[in-house]
Participant: 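The structure is given below, and queries will be raised subsequently.
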Number of protein chains: 2
Amino acid sequence: MTEVEKTLDNKSVRPTAMRILIYKFMASKNTAVALTDIENAFEKAERTTLYRTLKTFEEKGIVHQIDDGTNISKFALCQPGCNCEIDQDLHLHFHCSHCDKTVCLTEHKIPHINLPAVYIAEDANLVIKGICDSCSDH
Amino acid sequence: MTEVEKTLDNKSVRPTAMRILIYKFMASKNTAVALTDIENAFEKAERTTLYRTLKTFEEKGIVHQIDDGTNISKFALCQPGCNCEIDQDLHLHFHCSHCDKTVCLTEHKIPHINLPAVYIAEDANLVIKGICDSCSDH
DNA sequence: AGAGATCATGCAACAGAAGTGCATTTAATG
DNA sequence: CATTAAATGCACTTCTGTTGCATGATCTCT
Ligand SMILES: [Mn+2]
Ligand SMILES: [Mn+2]
Ligand SMILES: [Zn+2]
Ligand SMILES: [Zn+2]
């Protein structure tokens, strides 16, 4: 049983061939990925399977979904210690308007916001847009 | 020349019948609207016209686009003094997970975030999700 | 090991949003 | 009024997300 298989197993996700491939693919990238990104990475991949795999991964706390403002859902592996399911790991995300890549800034948490009392805050999403490190130095 | 016509004219937007209707519709609501919302509000409206009207409104600083995490673009009228075009008016938005409505919290600005120097921040989007005032008291 | 149940995958099809091209209508200008 | 530019309507396309159902794979229990 490999490391990846153990990881999936720990999260009660059956480590099938496809799931292991998807997990490894996401682990190999340091940016968030869209469903289409995975689809393009594996010629022989079925969109629906990928879709449902990401759903499963998200439900089991293996990945978290990211709204980066492009209206295309992105996903990224949860870092060890990121307990999305329990009480939101409110780190922020950076979206590069040049290369269109989105990254997790896991060390940077969303500051607490004082809202009018009538609002009940349950979750928050903060995305900074601009130029990423790869695109700024060239 | 009515107030609305003057407003559009000031922003170099020709005040056509449809544009005036759309403007008034958005002004009558205190929530952000999606393209489909406008489409449903006017039986006889052409989706493309609405689409391009919103584009024009946005370019001319009459409305601003909102990414509330639903992957559906919303739009809201800019408040007087909101100069989105020049240097982003970084107020935050609230999205109610119960009634699915999104509102501008124009008084609440996005706090400044210290990023690693390699990132060049140009814009930011902060959405709080939870239960809105209408949905919390019942 | 074999039978039955459960879960994962593949295939097809659909819904909704976003966007484009082009013809036609409407409005501005001299 | 004639010319020109802008706005609208219509048709069509692309892309993302989503569901239903049949089939294939895996687990469980005897
Ligand atoms: Mn993240
Ligand atoms: Mn707003
Ligand atoms: Zn970049
Ligand atoms: Zn609500």
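The shown structure was predicted, so the numbers you read here are calculated from the model rather than taken from an experiment. Per chain, numbering begins at 1; letters A, B, ... match sequence-line order.
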Participant: Rounded to the nearest angstrom, tell me the gap between atom CG in A:L8 and atom C1' in D:dT26.
Facilitator: 16 Å
Participant: Quick one, A:H93 with A:H95, criterion side-chain hydrogen bond (donor to acceptor under 3.5 Å, both in side chains). Give me CA distance, side-chain angles, the key distance, then yes/no.
Facilitator: CA-CA 7 Å; A:H93 296 103; A:H95 176 246; over 6 Å; no
Participant: Please give, in whole Å, the distance from D:dC10 P to B:E46 CD?
Facilitator: 5 Å
Participant: For the pair made of NZ in B:K55 and P in D:dT8, what is the distance, rounded to whole Å?
Facilitator: 16 Å
Participant: Just to be sure I understand the rule, does A:T16 reach a base, reach only the sugar-phosphate, or reach nothing, if contact means heavy atoms closer than 4.0 Å?
Facilitator: sugar-phosphate
Participant: Take the protein atom CZ of B:F42 and the nucleotide atom P of D:dT8, then report the distance between them rounded to whole Å.
Facilitator: 13 Å
Participant: Look at all strands and tell whether B:T36 reaches a base, only sugar-phosphate, or nothing, counting heavy atoms closer than 4.0 Å.
Facilitator: sugar-phosphate
Participant: Expressed in angstrom and rounded to an integer, what is the separation of A:I20 atom CD1 from D:dT26 atom P?
Facilitator: 11 Å
Participant: Please give, in whole Å, the distance from D:dT16 P to A:D68 CG?
Facilitator: 13 Å
Participant: Once you round it to whole Å, what is the distance between C1' of D:dC27 and CZ of A:R14?
Facilitator: 6 Å
Participant: Is the distance from OP1 or OP2 of C:dA8 to the nearest side-chain N or O of A:R19 less than 4.0 Å?
Facilitator: yes
Participant: Respond yes when some side-chain nitrogen or oxygen of B:S73 is under 4.0 Å from OP1 or OP2 of C:dA18, and no when none is.
Facilitator: yes
Participant: For the side chain of A:T49, starting at C-beta, report the closest nucleotide among C:dG10, D:dG9, D:dA7.
Facilitator: C:dG10
Participant: Looking only at atom types and distance, does a side-chain atom of B:K101 sit under 3.5 Å from a main-chain N or O of B:A32, one as donor and one as acceptor?
Facilitator: no
Participant: Taking B:R19 for its side chain and B:R14 for its backbone only, find out whether a donor-acceptor pair lies under 3.5 Å.
Facilitator: yes
Participant: Say whether, by atom type as modelled, one donor and one acceptor occur between the side chain of B:N40 and the main chain of B:T36 under 3.5 angstrom.
Facilitator: yes
Participant: Considering heavy-atom distances to DNA chain C, does B:P15 or B:I72 have its closest nucleotide positioned more toward the 5' end?
Facilitator: B:I72
Participant: Counting distance alone, no hydrogens or angles: does the base of D:dG9 have a donor or acceptor under 3.5 Å from a partner atom on the side chain of B:R52?
Facilitator: yes
Participant: Is B:Y51 near enough to C:dA18 that one of its side-chain N or O atoms lies under 4.0 angstrom from OP1 or OP2?
Facilitator: no
Participant: Take A:E39 and A:T48, find for each the nucleotide of DNA chain D with the closest heavy atom, and name the residue whose nucleotide sits nearer the 5' end.
Facilitator: A:E39
Participant: Measure CZ/B:R47 against P/D:dT13 and give the value in whole Å, please.
Facilitator: 17 Å
Participant: Is the backbone of A:T106 close enough, under 3.5 Å, to the side chain of A:K109 for a donor and an acceptor to pair up by distance?
Facilitator: yes
Participant: Reading DNA chain C from 5' onward, which residue's closest nucleotide shows up sooner: A:V13 or A:N71?
Facilitator: A:V13
